[in-house]
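Here is the structure we will look at.
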Amino acid sequence: MNPGETIFDIGKPGRRASAQAPAAGDAPDLPASCLRANAPRLPEVSELQAVRHYTNLSARNFSIDNQFYPLGSCTMKYNPRGAHRAASLPGFLNRHPLAPESASQGFLACLYDLQETLKHVTGMAAVSLTPMAGAQGEFAGVAMIRAWHDARGDDGREEILVPTAAHGTNPATAVMCGYRVREVAVGADGDMDMAALKAALGEKTAGIMLTNPSTCGVFERRIREIADAVHAAGGLLYYDGANLNAILGNVRPGDMGFDVAHLNLHKTFATPHGGGGPGAGPVGVGERLVPHIPTPVVARDGDRYRWVDNDQIPGSIGRLSAFMGNAGILLRALAYARMLGREGMRRVGEYATLNANYLMVRLADAGFELAYPERRASHEFIITFRNEAKTLGVTAMDFAKRLLDYGFHAPTTYFPLLVAECFLIEPTETETKEELDAFVDAMVRIRAEAETDPERVKTAPHTLPVSRLDDVKAARELDLTYSFGEH
Amino acid sequence: MNPGETIFDIGKPGRRASAQAPAAGDAPDLPASCLRANAPRLPEVSELQAVRHYTNLSARNFSIDNQFYPLGSCTMKYNPRGAHRAASLPGFLNRHPLAPESASQGFLACLYDLQETLKHVTGMAAVSLTPMAGAQGEFAGVAMIRAWHDARGDDGREEILVPTAAHGTNPATAVMCGYRVREVAVGADGDMDMAALKAALGEKTAGIMLTNPSTCGVFERRIREIADAVHAAGGLLYYDGANLNAILGNVRPGDMGFDVAHLNLHKTFATPHGGGGPGAGPVGVGERLVPHIPTPVVARDGDRYRWVDNDQIPGSIGRLSAFMGNAGILLRALAYARMLGREGMRRVGEYATLNANYLMVRLADAGFELAYPERRASHEFIITFRNEAKTLGVTAMDFAKRLLDYGFHAPTTYFPLLVAECFLIEPTETETKEELDAFVDAMVRIRAEAETDPERVKTAPHTLPVSRLDDVKAARELDLTYSFGEH
Amino acid sequence: MLTSIGAPSIDALFDEIEPALKTSHFDGIDEGVDEMTMIQEMAERARRDEAGPCFTGAGCYDHHIPAAVWDIAARGEFMTAYTPYQAEASQGTLQLIYEYQTMITGLTAMDVSNASVYDGGSALGEAVLMAVRANRAHPSNKTGGPRRIAVAGACHPHYVDATTNITRNQGIELVPTGTTDGRVDLDALTGMTGDRMPVAVIVQQPNFLGLIEPVDEIADWASANGVLVIAVVNPTSLALLRPPGEWGANGADIACGDGQPLGIPMASGGPSFGFLCTRSSLVRQLPGRLVGRTVDRHDQPGFTLTLQAREQHIRRGKARSNICTNQGLLVTAATIYLAIVGATGLSRVASRCHERTRKLVGTLTGVNGVRSHFAGPYFHEHVIDVGQPADRVADAVAELGIVGGLPLGRYFPDLRNCLLVCATEKRTDADIARFGDALQQVLNG
Amino acid sequence: MLTSIGAPSIDALFDEIEPALKTSHFDGIDEGVDEMTMIQEMAERARRDEAGPCFTGAGCYDHHIPAAVWDIAARGEFMTAYTPYQAEASQGTLQLIYEYQTMITGLTAMDVSNASVYDGGSALGEAVLMAVRANRAHPSNKTGGPRRIAVAGACHPHYVDATTNITRNQGIELVPTGTTDGRVDLDALTGMTGDRMPVAVIVQQPNFLGLIEPVDEIADWASANGVLVIAVVNPTSLALLRPPGEWGANGADIACGDGQPLGIPMASGGPSFGFLCTRSSLVRQLPGRLVGRTVDRHDQPGFTLTLQAREQHIRRGKARSNICTNQGLLVTAATIYLAIVGATGLSRVASRCHERTRKLVGTLTGVNGVRSHFAGPYFHEHVIDVGQPADRVADAVAELGIVGGLPLGRYFPDLRNCLLVCATEKRTDADIARFGDALQQVLNG
Ligand SMILES: Cc1ncc(COP(=O)(O)O)c(C=O)c1O
Ligand SMILES: Cc1ncc(COP(=O)(O)O)c(C=O)c1O
């Protein structure tokens, strides 16, 4: 395919996949005034053209199935095809969301089992599966915190604390829930600055949003002290479960003192990321928040399963989607959890940690600078190119782009914001030592290039379908849809 | 992946996809003497490694889903995914070949319908679906011819006539059936040399194997005259249906005078080629050969379907496979035929012919030499590079390899053998005019390169995962399996 | 590996974690099983939910999905890629989203679209938040009073619930206008003047009850009064019905809905995706990702995420929304679906659904005791009155192997005898006859 | 396009064809339908064949197939490619076949393998033709008499039939030795001396009746007498059983069989693939394609078809076989299967099948009137005697939703009361109990 050639460029008026149109119905029995005057501009291609176009487009992606993809905070691990197969069973795929309970017992049993599994995984009293991604899980969590304060008439609490290292969704969520965000500094060792925390806590504190291990790639060691302090101030603790993979099967947010936790099933429970989604962000809650969990949830009476809705949980923050969230993702997660089992989950946390520590040590030995050299890596860790940027003029972004040429997806760059010129590197447990070693080799080679031929690195990538793209032009001269007739 | 890196290179002792091994059974209840001493050398990789390796390997193929693939005689057209879906329905996929008839009515009904459809398509009296590819269809056809002569006690017929342009499977089949092959020349216009035919015919003649349109890409105009001559000599006519796409829905082998015909369902009926197979080569027979058709076939009594086996067709040449041939391919073909219907089949033949004639004229206009300039193309046609080879030293093979760099699969090269330095080009009906035009452009550009920079063409390809391979070394220093420990 | 690390055991890698936190409370989780056993268990459950023909719609529709759609969408390259942050390594996903943006704006006749939000329900929530941000001129922005959003006519009750729950904490209030004969009570709407003038009005077309709303009147009233119009639409219907961009004189301001009808299996309602489109002038208020076309260093065309400063990973607390992970893979499927069916295919699907539903309504109202509840044109859903509590009728019909429509009593007590039924292009004459017979049997023995 | 061609109509492009040949006899073929309708029709038929647990083997086995196998094998790049004649554009397929050749020779302990033939039955046919070519020293090559091939013991009757039909016209004759207690009659075999000395001997292990043949004795006798050994083997069993390359002192000369157990659905028995392996010294007698490793112009490793001079497209009438299209896609699946399960997984599958079958036999022989027909060890198939005509019993069991083994009377009249049963790793305790109950019900009311 030619560069930038879209499906519209290869279309031709009147062409279509003839096997894909049912026989036309009669003239519609609708008033002419409500009918569309001109057919929408959609592609006009044969089925072969569509298949070929999108098959070839797909080849322009990096993906786990093709490459090592050590994207920190994203847990890009292998997504077992068996889980996809299980969720694609006809009985699941063809189930209408509003089918009667009597015809939904298989699906409901799956949701119930997943609720139970995630209760154990998080150490929480109840789980609601409906949030459709991490950010919606966060929303549900903070909305429940708010509902709890409101229910107690404690309505002067206007602030949510968030560490400076937090993921952007955390502050954005707090604002969506009507809170002000107050940032709390992170110390030089990657742990929270306790003095800053204590200074921030007070009667305005509704709660705090934390992830542990944190996005600094280290385990927050004083977590129980933090929990006590927040609780003492009258606030609740929200756990951002995006990093749960590091401690899966080993440590539980509930035991750390959190009141509510979401999980990113698309990270820890291996549902594929789909080029941006879908995910699922179930929330687990401690006893205090049980009355507020989002609906619907599933209950079991003997061997019958049934929906539980707002009428039975009057304090619920209610439904957050039209139906049952990303139901199919929940099935995938259950299938994955079932294959792992207790021991498998423990191994996930252990090997994720092992791989990260190994890679960290190897990169440090190779001369890359660690952000937190005194610390163990969790399932991820940070290196910084501030020296390379200063002395060679080669930035983290340049390293990232050049890695693509070596066949590796780049780690997360420039996040968390508090470490300059950083990579957040998360190898995950499903990669082999050989793959990690090859990554180190590539990093070493790129640094050598940065020393001898920095232009090569600064103008990377050189071997991909496009070279480095002009972001500024993209934003200045917005071109968001194909202009028919102009190309 | 590194060049030539095999699945064995990335394995490591003891590594495995843990979710893919059931719990071990007890110690086997088998005498030690019959047990294997050492485990077989198989890959030792994780599931991710296997998925990634084969996903990346797949990207090293050209295929219809990715490229225009105008391989003459091979009918590389679009294989509708719907047919694949239909054949993959659980009821079909999980059916045991020896399941009782009572539990096989759906499958049997499909086979029956396909038999009936192919009877109409070929103009024959009966169809047997069992042959597993074209070559086995040929075998069945010639074996039936032999059975017919034998049944009549006419056992002095030792020769099968085959035109010089024939596909290699034709003479090979005749030999497998215990016949001698006698070649018949093709005239300068691509039609059979009638004098040569008549000279070859005689009492030794068991039959003739023909394809029409022939592999010269033209329709054998005197086919009825040929049929009469062969019949008059006491021989029968076998139709090689590999080229049926050209005339599908328009002309039928039975009407041309053939006694038996095979069809390549993987060509005309759009089942994918799978990197070499599978296919299916059903045979249709005229009245004379009905008593000899290979088993099993399917009969219908009212609304019940049943197998018909040798006990009911005592003259049958018998079964040619363990079960029912390539059953799944038969289902795909039925699905495809059902979507096409009568009119769709006619359009297949028409558009295949239109595309071939268009491409032929465009290439001729661009200065390429046609093998049969006076003739219409059938669904395919031949051009020859004998001039380019002589004047520029650039051969058909060089053009073929260079086309790969332009993103087109090469046409069939050096076949049929009787035209020097040739391409046999078959665009098929599922390609668009734009694709054909782009192919012409590439051909023109390559010829310009051949004139200005012949080395570039002679050393092509330059942009594929490997450059031109050393076939001679491959045959001299046979390396047919991975040598553990040596790499 | 432990040797390289210099750690004696994997356990040692957890040595920064307080030992008391290391739990052994995982006993509630069973031991793992192999893939074969897992599939067998799941298949046994899936089998229990296999049902006969589906006549329920209400936001989720049983359309035919061309086999090629998921064969391509499920390719590892699409399915196992992350969000396309590294543009050069994600041209496949990025170009596809650009094509999607073109198709969905083509369908809705809007200017711009994002790369998806979660589903139709949350899309409406985001649309409301967006309208509040966009309508800066509205008096409520000065008074600090509650920002009112009018819900004109019968909007999907689950959408209204989700939207209420998503927007509640930002002082936003949804105000239903009520209905007459199943459609908007226009007088009630246009009576919202002065203090009660809403920031925006939500209109679903066809509405939840399957009926056609007077969208031109609503849109023209709104634009005359500084009220933004939020359209909730079914994408299949847009092959037939006038698109939101052409409602009234000026078109809707925001169009949203659920992409499920475009090649996505019902799958219990998710994952599908929410689409969200708007006018060019409001593009900076759009939440979620946007893909733009640009050029690379060699001036070749390419695609990249753009206007990221609207998003949480850059703007954090000031972002347009907290959305991060969206529904990319479903957008991939919908894009391939639209490419394969094209405008002709989609309009055939739409007209076929319309025709099938008319046939269905004819068959069902032929059953003694059954009648159409609302008069007037409908697209592919309709309310029928079965003369007795519809939830029990639906259960009884389900026993006969038919998913027979949604009982409406739960949402509208006065419609307790009503079912909302739907027939897509997949419903054959035999299916419809079977439903008719089942209903006959349930109602008349 | 017609203008460029200079033709007035498409019809004109057919003007070299005698008008009388242009037929309108296609009325028997219905009009086409859209994909949706086609799938509905096919699904309706497929549904009729859905059956309960399968206990029939006899050459086709219901194994678990890891989901990844066909997700990858069905990728367009594998599925819609042609035979890898253009090596540079087919490295994917070529390297995969090279890996397959390595795996299958590893399993069989043979030196070389081709890239597949059609199925197990035709593989045996090709093996026989190959043996006849290879055994040039055999007296029958001089006398011109029929070339005899001994069939030692119980070989799959369909394989024997197919082989007979494929080889008959080349003066080849298959001679069964007969069996004692379900295994080879060794005296009959070793009594084939002088004129009756066969060119080759076929041995199936485990044999058609599920029993273990004395392969060492057979192989040693054969090699002492200038008779080639053709092994017919089940690839799953090779994870447990001694492979043909290690039979007797010198191993078998040719090993063949059906690859279906390696990740290929039963699908009515096809498509699967036949594998065919031999000694290095006989490589030039192998029919079908072979892939070799070589280097390119830059000395990088690569793969290509090799020794093509054995094949029909080069050698025509003198080719080793007429085979052209083979079963490539199934080899692709099998290769991925073997890579995913590995040696450990395959041996677990094998030992689990063995264990399940013992359990099955225990359960069935616990039913009144049922007993094991043959004593002695078996792998995953066994003959049980049900005390009455087994075909009727099988039909009755099928009515109860169980595919309950193959009635043997059709092949061996004296086994008319016998069923050949099999349990793979997929058969649960519940499945086995259900079969036991069904048999109980059928036999004892
Ligand atoms: C630490 C952290 N928190 C929250 C999120 C948000 O999750 P989602 O993208 O599923 O909305 C992410 C996702 O990248 C994350 O890494
Ligand atoms: C003209 C012709 N005849 C026969 C055949 C053999 O068919 P198959 O490859 O299916 O055995 C072919 C295949 O390429 C062919 O092109």
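We name chains A, B, ... by the order of the sequence lines, and we start the count at 1 in each one.
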At a heavy-atom separation under 4.5 Å, does D:A343 approach chain B through its side chain, its backbone, both, or neither?
-> both
Closest non-hydrogen contact found for B:M176 with D:N169 is O-CB, 4.1 Å
Does D:T102 use its side chain to pair, donor to acceptor, with the backbone of B:Y482 at less than 3.5 Å?
-> yes
Pick from D:A7, D:G106, D:G121 with the largest number of heavy-atom pairs that fall under 4.5 Å of chain B | D:G106
Check: D:H313 side chain, B:G168 main-chain N or O, donor-acceptor pair, under 3.5 Å = no
Under a 4.5 Å cut-off applied to non-hydrogen side-chain atoms, are B:T353 and D:F14 in contact?
-> yes
Using non-hydrogen atoms and a 4.5 Å limit, figure out which bit of D:Y159 sits close to chain B: side chain, backbone, both or neither.
-> side chain
Name the region of D:C54, side chain, backbone, both or neither, that has any atom closer than 4.5 Å to a heavy atom of chain B.
-> side chain
Considering only NZ, NE, NH1 and NH2 on the basic side and carboxylate oxygens on the acidic side, decide whether D:D27 and B:R342 come within less than 4.0 Å.
-> no
Would you name the heavy atoms of D:I39 and B:A86 that are closest together and state the gap between them?
-> CD1-N, 3.9 Å
Measure D:I340 against the heavy atoms of chain B and call it side chain, backbone, both or neither at under 4.5 Å.
-> both
Flag the one option from D:L307, D:L240, D:I323 with the top tally of heavy-atom pairs under 4.5 Å to chain B.
-> D:L240
What do you reckon, is NZ of D:K318 surrounded by more than 12 foreign heavy atoms closer than 6.0 Å?
-> no
Nearest heavy-atom contact between B:A135 and D:N322 is O-ND2, 2.9 Å
Would you say the side chain of D:Q86 lies within less than 4.5 Å of the side chain of B:F62, judging by non-hydrogen atoms?
-> no
Atom group of D:T105 that falls short of 4.5 Å from chain B, counting heavy atoms = side chain
Stepwise side-chain hydrogen bond (donor to acceptor under 3.5 Å, both in side chains) check, B:N61 with D:T93 | CA-CA 7 Å; B:N61 270 0; D:T93 293; 2.7 Å; yes
So what's closer than 4.5 Å to chain B heavy atoms on D:T335: side chain, backbone, both or neither?
-> both
Contacting moiety of D:H298, where chain B heavy atoms sit under 4.5 Å = both
The reported gap from CE in D:M103 to CZ in B:F8 (rounded to nearest 0.5 angstrom) is 4.0 Å
Heavy-atom closest pair, residues B:A172 and D:S321 | CB-O, 4.0 Å
From the list B:M132, B:H266, B:E343, the residue making the most non-hydrogen contacts under 4.5 Å with chain D is B:M132
Kindly assign one of parallel, tilted or perpendicular to the pair B:F323 and D:H158, based on the angle between their ring planes and the thresholds 30° and 60°.
-> perpendicular
Pairwise side-chain contact, D:V295 with B:E477, heavy-atom cut-off 4.5 Å (strictly under) = no
Pick from D:M79, D:R48, D:R352: which one has the most heavy-atom pairs with chain B under 4.5 Å?
-> D:M79
Is the closest basic N to carboxylate O distance between B:R338 and D:E41 below 4.0 Å?
-> yes
Under a 4.0 Å N-O cut-off, is there an ion pair linking B:K401 with D:E88?
-> yes
Can you find a heavy atom in the side chain of D:L238 that is under 4.5 Å from one in the side chain of B:R36?
-> yes
Is the OH atom of B:Y351 crowded by more than 12 outside heavy atoms at less than 6.0 Å?
-> no
Before giving the answer on side-chain contact (heavy atoms from CB on, under 4.5 Å), spell out for D:I29 and B:L340 the whole-Å C-alpha distance, their side-chain angles and the decisive distance to 0.1 Å.
-> CA-CA 10 Å; D:I29 299 174; B:L340 283 181; over 6 Å; no
Going by heavy atoms in the side chains, are B:D29 and D:E355 under 4.5 Å from each other?
-> no
Sub-4.5 Å side-chain heavy-atom contact between D:S122 and B:S321 = no
Decide side-chain hydrogen bond (donor to acceptor under 3.5 Å, both in side chains) for B:N326 and D:Q327; before the verdict, give the C-alpha distance in whole Å, the side-chain angles of both, and the deciding distance to 0.1 Å.
-> CA-CA 9 Å; B:N326 279 331; D:Q327 306 282 120; 3.0 Å; yes
Distance in Å, D:K22 NZ paired with B:R346 CZ, rounded so as to fall on 0.5 Å steps = 10.0 Å
Of the listed B:K119, B:R221, B:E44, the one with the largest count of heavy-atom pairs under 4.5 Å with chain D is B:R221
Do B:S63 and D:T80 have a side chain donor and acceptor closer than 3.5 Å?
-> yes
Would you check if B:I317 and D:N165 make a side-chain contact, meaning some heavy-atom pair closer than 4.5 Å?
-> no
Proximal component of D:I10, with respect to chain B [non-hydrogen, under 4.5 Å] = side chain
Counting only heavy atoms closer than 4.5 Å, note whether B:L320 contacts chain D via side chain, backbone, both or neither.
-> both
Residue part contacting chain B, namely of D:V283, when any heavy atom lies under 4.5 Å | side chain
Ring centers of B:H120, D:F26 separated by less than 6.0 Å = no
Please report the closest heavy-atom contact between B:H409 and D:A89, naming both atoms and the distance.
-> CD2-CB, 4.4 Å
Count the heavy-atom pairs under 4.5 Å between each of D:E246, D:E16, D:Q170 and chain B, then report the option with the highest count.
-> D:E16
side-chain hydrogen bond (donor to acceptor under 3.5 Å, both in side chains) between B:Y54 and D:E77, worked out | CA-CA 11 Å; B:Y54 291 107; D:E77 291 88 337; over 6 Å; no
Check whether D:Q91 gets within reach of chain B through its side chain, its backbone, both or neither, counting any heavy atom under 4.5 Å.
-> both
For D:I5 and B:Y358, which heavy atoms make the closest approach, and how far apart are they?
-> CD1-N, 3.5 Å
Approximate separation, where rounding is to 0.5 Å, of B:F92 CZ and D:R45 CZ = 7.5 Å
Measure from the side-chain N and O atoms of B:S467 to the backbone N and O of D:D296, and report whether any donor-acceptor pair falls under 3.5 Å.
-> no
Looking at CG of D:D49 and CD of B:Q105, how far apart are the two atoms once the value is rounded to the nearest 0.5 Å?
-> 8.0 Å
Rounded to the nearest 0.5 Å, what separation is found between the SG atom of D:C60 and the NE2 atom of B:H96?
-> 4.5 Å
Within-4.5 Å side-chain heavy-atom neighbours: D:P66 and B:E47 | no
Measuring heavy-atom distances to chain B, does D:I72 have an atom under 4.5 Å in its side chain, in its backbone, in both, or in neither?
-> side chain
Tell me, side chain or backbone of D:D71 under 4.5 Å from chain B's heavy atoms, or both, or neither?
-> neither
Looking at D:E50, D:E35, D:Q101, D:M1, which one has more heavy-atom pairs under 4.5 Å with chain B than the rest?
-> D:M1
Top residue by heavy-atom pair count (under 4.5 Å) with chain B, among D:R47, D:H354, D:E425, D:R316?
-> D:R316
Can you tell which part of D:A74 gets under 4.5 Å to a heavy atom of chain B, answering side chain, backbone, both or neither?
-> both
Separation of D:T304 OG1 from B:D471 CG (nearest 0.5 Å) = 4.5 Å
Proximity breakdown for D:R356 and chain B, heavy-atom pairs closer than 4.5 Å | neither
